[in-house]
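Structure first, commentary second.
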Amino acid sequence: MSYLEYNTKFVPTGLRKLWYLNWPIIMLLIAVSGFGFLMLYSVAGGSPSPWMEPQMKRFGMGLVLMIFVAMVPIWFWRNMAFVAFGGSILLLLAVEFFGEVNMGAQRWINLGFMRLQPSELTKITLVMFLAAYYDWLPNKKVSHPFWVTLPVLFILAPVAMVLNQPDLGTALLLLMGGATVMFLAGVHWAYFATVIGGGVAAIAAVFQSRGTPWQLLKDYQYRRIDTFLDPSNDPLGAGYHITQAKIALGSGGWTGRGFMQGTQSRLNFLPEKHTDFIFTTLAEEFGFVGAFTLLVLYLLIVAFCVVTALTNRDRFASLLTLGIAMTFFLFFAVNMAMVTGLAPVVGVPLPLVSYGGSAMLVLLVAFGLVQSAHVHKPR
Amino acid sequence: MKRTPKDNIESARIVGRRALVVGGVQLGIIGALGLRLRAMQVEQADEFRLLAEENRINIRLLPPARGMIFDRNGIPIADNEQNYRVVMVREDAGDIGEVLAKLTELVDIDPDNLTRAMEEMQRRSPFVPVTIADRLSWEDVARINLNTPTLPGISAEVGLSRVYPWGADLAHVVGYVGPVSDYDLSRIDDDDPLLQIPKFQIGKTGSENKLEHALRGSAGTRRIEVNAAGRIMRELDRKEGEPGKDIQLTLDSRLQSYVQARLDGESAGAVVIDLENGDLRAIASAPAFDPNLFVRGISNTDWKALNADKYRPLAAKAVQGTYPPGSTFKMVTAMAAMEAGVVAADETVYCPGYTDVFNIRFHCWKRGGHGNINLHESLKQSCDCYYYEIAQRVGIDKMAEMARKLGLGIKHDLPLSAVARGLAPDKAWKREVRDEDWRVGDTVNASIGQGYVLASPLQLAVMSARIATGREVTPRLVRLIDGVEQPSGLGESLGINENTLRRIRASMNDVSNHRRGTAYGSRITADEYKMAGKTGTSQVRRITPEERAAGVTKNEDLPWERRDHALFVSFAPYDKPRYALSVVVEHGGGGSRAAAPIARDIMLQALYGGPPPLEAYPSGVRDKIAEQQRRIEARIPPGSKGLGRA
C-alpha cells in the first residue's frame, strides 16, 4: 500500500501532528530516562558530572530528533528503509576496517563530531528493512522457501559482522529482533520450529567444540558461560562481577538502602556501575519497589507500542512498531536477565538508563519511527 | 505491488495473531524477571545484605600492650617503650622524591630502609601508609611535627616496643621477643588472630616464650568500612583488647646482675635458691648476650659472632647445661648408703690411693691415699676410694633413687627454655637406652659423679637446697601473675633420716670451715653466716695410664676445652640455712680453686643483700676482694638504678 492509498484527508498536517503524537509513550520514555539520570547522579557519588549531565543533554537532543522523525510521514521512512539498511551495512564494514578498538572490541567508528556504534544503528535499520520487505512481499509468498531465505540472509549478514567485532550481545539482539519480525509477518511455524531445533543442536555443537581446534566461540565467551553457570567457582576472577552484582541487587531488599546509600556501588564493588550494571545500583538503592517499577514502565512502553501497532492497518507501520518494541524489549530483558544472573554477561546496556550516547540516540530515533507510524495512521 | 483490501485484512489478522503470541512470550519473560527480582530482593534479601556487609566491613585487630615483667622488688626487667616511626602515604605526598629529600635533611634515615620503603610504596596501593623509619628519638619526631606543612603525606606514629633495661644480665631468663615467623606458626597450635598480624611480637625464648600466654593479652577489634580497593572509608566502632598480664619473677635483679658480673670472663652457670620458699634469686649464665639486639632484628655480623664464640653466649648454661657433677655427687652416694644401712657413720674404709674392681684400677685424686677414713672425713677431704667402696655396697638403683629424691635427673618445671633433665642413671636406664647390662665399674664411676651422671647447675642448687632443709624444695621462678601469688616451692619433708642429714650437713660445713676441708680457702668468716659446701672437679677426658705414669698434666697446661669442670654447691648460714647455691665453671679447673670463691662471693652478696663488709672474708684475701668489689660495682648496669614499679 503506497501513501497514495492513505486517506490523507484524515492525516494530520503541520504542527497539528504534535497533538497526534503518542504522548503516553513519550511520558514513559521520560520517566524511564529520569530513573537513569537519578542513578547516574548517584553512582557519581552525588554529582551531575561526569555522567548525568551529558546523558541529559543527549536525551534532550534525542527527544528533539524523535519528534523530528515523527513529523516525517511514515511512507517516507518506508521508502528510505533499503537505503538506511544498506548504509548501516556499509558502516559495519567500515568498522571492520577502520573502527576504533575499545575494551577489546572493535565497535566504534569516529564520525568526527561523535563516536558511533553502527551495530546499534543496525538494530533499527534491520527491523525497518524487514518491515518494508514484508510490506512489499505479497502474502502468498511469505512462506515460500526463496522468499524466506532472502530475509534470513539479510539478517545473518550484519549478525556475522557484529559477531566478528566481537559483540555477542548485539548479535543475539539482531538475530532475535529480525526473527521476530519474520515471525510477525506470518512466516510458517515450521521454519521456526526447524531453526529452534537446529539452534539447540548448534548450542550442543558449540559446547562439544570447546577445546578442539575448530572451537566456535572465543575463550572469553566460554568463560562467561562457565561463570554464568556457576559464578561461585571463580569468585575473584571471572565470577567477581556477577557475584557482586547479585549481592548489590539482593541486598536492596523491599525498599532499598536509600538514594545514594548503596554500599556496593558507593564503595566500588560493582563493575560497570554506570553502564551495563546500572540496574543493580537502582535495585540496591530503591529495592524491589524501585526495580519492579522500572520493569513495569518498560512493560508499559512495550504495551503501548503493541496497542498502536495492532490498531494500525498499514502493514509496514504495524510490523515496524512491533519490531522496534521487540528490540526494546530484548534490550532490557537481556540486560536484566544478565544482572540478575539468569543469563550470561553479554554486554547489553539497560535502554535509556545506562550511560551511553549511540544506544540512546538510536533508541529515540526508533521511537520517532513508532511515533511517525502512530501519527500517520490510516484513519 | 498492489495489495487488495482482502489481502490487507488477512495480513493484519496474521500480524495480530502472531503479535499476541510474541506479547505472551514477552509477558512470560517479564513475569520471570519479576519473580527473580522478588526471590532475590525479598526472600534472599537478608543473605545478600549480609554478604554486602561482609564486603564493606573489615575487622582490624588492635594489638594489646604486652604484659611487663618485674623482678622481686618491682624493678622492670622487660618493659614496653614508646617507639616512634615515620610513615608516608604515597597519594598524599605528591612528589615522593622531594618529600623524602626534605625528610632526610631533618632526620637520619638509613639509605637501605629508604630504598625498601620506596619499593614498598610502588608495590602497594597509594593510600596504604608505609613505614619509612623506625625507632626515632623524641627530638626527631618533634622536628618532623614542626615541619609538617612542608612534608605532605608524612606523619609520625607511636607504637610500643619491648626493651630489656638490664641488657645481657637477664638475657637467658627473660629471653626476648621477635616478630612471629612462619616457622613459629607451623610449630605452635594457637588460633589467636593476633598471630596473623604481620611482624606481631611474640616471646621467642626464656620466660617471654614460656609465659607468652599470660603476657600477650587479647586482641581488640576495630570495625572499618572499606571500598572495593581496600581503602578505609571510616571507622564504624572499636573494642579495646585486654592488655597482657604483668608478671613478677622471684629473681633479684641486683643480685643477678652481681652474679653475671662475678662470672664475667668465665664460661659458667650459677643458681641461687631462697630456702624459705624455693624462690630462684638468681639464674646466671655467662657469657650472655644483649636481648635488645634481637628485638630490633639482629644483624648478621652480631649473629655470627654469637654463634662462633666458643663460650656459647646463647646457651643458658644454668638450666640447659648438664655436667658430670663430680664430687658434689658424693652426698648422694653417702646418703643412699646411710639410708640403706650399708655403712655406719663411724665405719672406716682404707684408702690406698686406688681401688681395684675386677682388674680395673680406679684412682683416688690423692695419689698416696687417705689411709683409714670415715664418712665425715671422706666428704671433707673428698676421698674417692671411700665412695667406690660404699657405692658397691648400696648399688646404683638406690643411688639413682636418692639422686632423684634430691632433684637430680628430673626435669624441674620452670618457665625457661630447654630446662635440662640431666641424668641419674640406673640399671633400667642402661638396658633401655644403651641395651647393655649395668656393670660394677659403672657404679664406681657414678659414685663420684662421673660416668653417666649428668646434672645442671639448677639441679645441683636444688640438691643443695634439699640437703639443707630436708624438704622437697621446688624451684619457683614466677612470684605473681597479674597480682596473684603463685604456689610456694617449700615442699613436704623428704622423709630422710634426720640423723643422716645432720651428718652430711656437718661434713659439708667442715669442707669450707675446717682447716683440712677442700674449700677452706673460700670460707665465710662472719660467725652468723657460716657457709657449708662441697667442691667438685669433674673430668671431661679420661686420664690414660701413660699420662698418670708421667705425672698428671696440670689443668693449666691443657687446652681450655680439655680442662676439668669446676663445681661448688653450698648453703648458708650453716645453722639456719637461708640460701642454697651452685656454681659450675666450664673447664675452670679445680672446684675448690675456680668455683668455691665465686660461690662464696655470691652467697655473701645474697646474705647481706648487697656488697658485704670485708670482715666477712678471711683476713688474707680482703685486699683482693676490695679490689674485686670496686671492679664489679663499676660494671653493674645503670638499669639497676630504676625505681620499682610493681
Side-chain angles (χ1 to χ4, degrees), chain A residues 1-2 5 134-140 142 180 183-186 243-244 246-254 256-257 262-264 266-270 283-284 287-289 291-292 295-296 298-299 302-303 306 309-310 312-315 318-319 322 325-326 329 332-333 336-337 340-342, chain B residues 1-58 224-234 236:
Chain A
M1 180 163 95
S2 79
E5 293 156 56
Y134 282 108
D135 184 40
W136 167 81
L137 194 69
N139 280 356
K140 282 176 299 203
V142 164
T180 307
F183 179 77
L184 288 166
T243 307
Q244 294 300 342
K246 283 166 76 175
I247 290 173
L249 211 131
S251 66
W254 255 109
R257 313 202 62 168
T263 57
Q264 286 286 100
R266 201 164 49 82
L267 300 172
N268 282 330
F269 287 100
L270 280 179
E284 186 187 24
F288 179 69
V289 173
F292 195 73
L295 193 61
V296 168
Y298 278 133
L299 176 65
V302 173
V306 170
L310 292 187
N312 199 330
R313 280 182 289 125
D314 181 35
R315 188 167 162 82
S318 180
L319 285 176
L322 287 171
M326 184 61 186
F329 169 82
F332 74 80
M336 286 186 180
T340 51
L342 289 174
Chain B
M1 235 171 271
K2 181 89 173 144
R3 286 173 179 275
T4 64
K6 194 176 159 243
D7 263 3
N8 271 335
I9 293 164
E10 171 66 14
S11 67
R13 212 170 54 80
I14 292 172
V15 170
R17 213 166 50 207
R18 294 268 169 115
L20 284 180
V21 173
V22 171
V25 171
Q26 290 179 341
L27 265 180
I29 292 174
I30 287 180
L33 284 172
L35 284 177
R36 174 72 171 174
L37 284 176
R38 206 186 111 80
M40 289 174 74
Q41 297 196 281
V42 180
E43 274 129 51
Q44 295 169 274
D46 293 342
E47 202 179 300
F48 282 115
R49 177 68 63 94
L50 191 70
L51 288 172
E53 296 293 286
E54 279 178 11
N55 257 345
R56 83 180 169 105
I57 294 172
N58 262 8
I224 50 173
E225 185 179 88
V226 296
N227 72 3
R231 182 196 294 269
I232 298 172
M233 306 308 278
R234 63 195 163 118
L236 300 172

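Lettering of chains follows the sequences in order, A, B, ..., and the numbering in each one begins at 1. Any value given below was found using the heavy atoms of this structure, including those in side chains, with hydrogens, waters and symmetry copies removed. Please read all numbers here as calculations on a predicted model, not as lab measurements.
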Non-hydrogen atoms of chain B under 4.5 Å away: do they reach the side chain of [X], the backbone, both or neither?
{"X": "A:Val302", "result": "side chain"}
{"X": "A:Leu322", "result": "side chain"}
{"X": "A:Ala283", "result": "both"}
{"X": "A:Phe288", "result": "both"}

Contacting region of [X] [heavy-atom separation from chain A under 4.5 Å]:
{"X": "B:Arg17", "answer": "neither"}
{"X": "B:Glu225", "answer": "side chain"}
{"X": "B:Ala19", "answer": "both"}
{"X": "B:Arg56", "answer": "both"}
{"X": "B:Glu53", "answer": "side chain"}

Which heavy atom of [X] sits nearest a heavy atom of [Y], and at what distance?
{"X": "B:Ala52", "Y": "A:Arg257", "result": "CB-NH1, 4.2 Å"}
{"X": "A:Ala291", "Y": "B:Gln41", "result": "CB-OE1, 3.7 Å"}
{"X": "A:Asn312", "Y": "A:Ser318", "result": "O-CB, 3.9 Å"}

- Task: Mind checking the CD-NZ spacing from B:Glu47 to A:Lys246? Nearest 0.5 Å is all I need.
- Result: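 Those atoms lie 10.0 Å apart.
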
- Message: Does B:Arg38 have more than 12 heavy atoms from other residues, nucleotides or ligands lying within 6.0 Å of its CZ?
- Response: no

- Message: Quick check on the interface: out of B:Gly23, B:Gly16, B:Gly34, B:Ala12, who has the most heavy-atom pairs with chain A under 4.5 Å?
- Response: B:Gly34

- Between chain A and each of B:Ile14, B:Leu37, B:Leu51, B:Leu27, count heavy-atom pairs under 4.5 Å; write down the option with the most. B:Leu37

- Task: Show your working on side chain to side chain contact (heavy atoms under 4.5 Å, CB included) between A:Met336 and B:Arg36 and close with a plain yes or no.
- Result: CA-CA 10 Å; A:Met336 286 186 180; B:Arg36 174 72 171 174; over 6 Å; no

- side chain to side chain contact (heavy atoms under 4.5 Å, CB included) partner of A:Phe329, chosen from B:Val25, B:Val22, B:Ile29: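 That would be B:Ile29.
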
- Donor-acceptor pair, A:Arg315 side chain versus A:Tyr134 backbone, under 3.5 Å? yes

- Query: So which of A:Leu310, A:Leu295, A:Thr340 has the largest heavy-atom pair count under 4.5 angstrom toward chain B?
  - Reply: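 Counting heavy-atom pairs under 4.5 Å, the top option is A:Thr340.
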
- Message: Looking at chain B, which one of A:Leu299, A:Val306, A:Ile247 has the largest number of heavy-atom pairs inside 4.5 Å, strictly under?
- Response: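 Looking at each option in turn, the highest pair count goes to A:Ile247.
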
- Message: If you define the side chain from C-beta out and look only at heavy atoms, does anything of B:Val15 sit under 4.5 Å from A:Leu319?
- Response: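 Yes, side chains in contact.
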
